[in-house]
Amino acid sequence: MLRRFAFILSIAASMPAAAQGCTELAGARKIESERYVLSYRTQPEKVAVSQHFAVEMVVCPKGGLPAPESVRVDGFMPDHNHGMNYRAVVKPVGDGRYEAAGLMFHMPGKWDFIFEVRAAGRTDRMTATLLLQ
């Protein structure tokens, strides 16, 4: 019995971080850093030029690492070397979930979502690209 328990523990330890007690966010995209798995989706689902939108996020620590102290999201247009004209306000809503409001991409083109997760004196930065037409 002890052997079987040890085998089950070794399988659980090798599972991806998202599978270890992380809340699912239906329809979300996932990105990862060394320490965190971040799932996000926009509200509305389809982002439109010059229209405010929100971002729902779930941030899951990998391998027993600490929960985030803070989470930020911003937008940057790498082809034009500028960001958004608005600053998102991110609020924790519990169980590793966060909501960001007040985002707007003011022109069409390639935008990068930049997510920053701060914990234990370090910041993990993750980027996801969106082509807005």
Contact check, side chains of Asp124 and Glu116, non-hydrogen atoms, under 4.5 Å: no

Check: Leu132 and Val49 side chains under 4.5 Å, non-hydrogen atoms: yes

Counterpart residues, side-chain contact (heavy atoms from CB on, under 4.5 Å), relative to Pro78 (two or more places apart): Phe76, Lys110, Asp112

Those residues that, when tested against His82, pass side-chain contact (heavy atoms from CB on, under 4.5 Å) (two or more places apart): Met77, His80, His106, Met107, Trp111

List, one per line, each side-chain donor-acceptor pair under 3.5 Å for residues 91-99, sequence neighbours excluded.
unit_1, atom_1, unit_2, atom_2, d
Arg97, NH2, Glu24, O, 3.1

Worked check of side chain to side chain contact (heavy atoms under 4.5 Å, CB included) between Arg125 and Arg72: CA-CA 9 Å; Arg125 187 176 191 158; Arg72 294 183 55 207; over 6 Å; no

Heavy-atom closest pair, residues Thr42 and Glu45: OG1-O, 2.9 Å

With Asp74 via salt bridge (charged side-chain N to carboxylate O under 4.0 Å, His left out) - residues at least two apart: none

Qualifying residue, where the test is side chain to side chain contact (heavy atoms under 4.5 Å, CB included) with Leu103 and the options are Gln51, His52, Met84: Met84

Pairing residues for Ala120 by the side-chain contact (heavy atoms from CB on, under 4.5 Å) criterion, not counting sequence neighbours: Arg35, Pro66

Common cluster, Val37/Val90, ILVMFWY with side-chain heavy-atom separation under 4.5 Å: no

Point-to-point distance, once rounded to the nearest 0.5 Å, from CG of Leu38 to CE of Met126: 5.0 Å

Atom pair CG/SG of Leu65 and Cys60 - distance to nearest 0.5 Å: 12.0 Å

Linked, directly or transitively: Val55 and Leu130 (ILVMFWY side chains, under 4.5 Å): yes

Tyr40 with Val73, same ILVMFWY side-chain cluster at under 4.5 Å: yes

Pair Arg118-Ser70, side-chain hydrogen bond (donor to acceptor under 3.5 Å, both in side chains): steps then yes or no: CA-CA 5 Å; Arg118 180 105 179 125; Ser70 66; 5.8 Å; no

Plane angle bin for Phe105 and Phe113 - parallel if under 30°, tilted between 30 and 60°, otherwise perpendicular: tilted

Audit row: Asn85, Met104, side chain to side chain contact (heavy atoms under 4.5 Å, CB included) steps and yes/no: CA-CA 7 Å; Asn85 293 331; Met104 181 193 293; over 6 Å; no

Exercise: identify the closest heavy-atom pair between Tyr36 and Ala119: OH-CB, 3.1 Å

With sequence neighbours excluded, residues passing salt bridge (charged side-chain N to carboxylate O under 4.0 Å, His left out) with Glu32: Lys62

Min side-chain heavy-atom separation Gln133-Pro108 under 4.5 Å: no

Heavy-atom side-chain proximity of Val117 to Thr123 below 4.5 angstrom: no

Check against side chain to side chain contact (heavy atoms under 4.5 Å, CB included), Arg41 and Leu25: CA-CA 8 Å; Arg41 64 182 177 202; Leu25 189 60; 3.4 Å; yes

Joint cluster assignment, Met57 & Phe53, ILVMFWY side-chain distance < 4.5 Å: yes

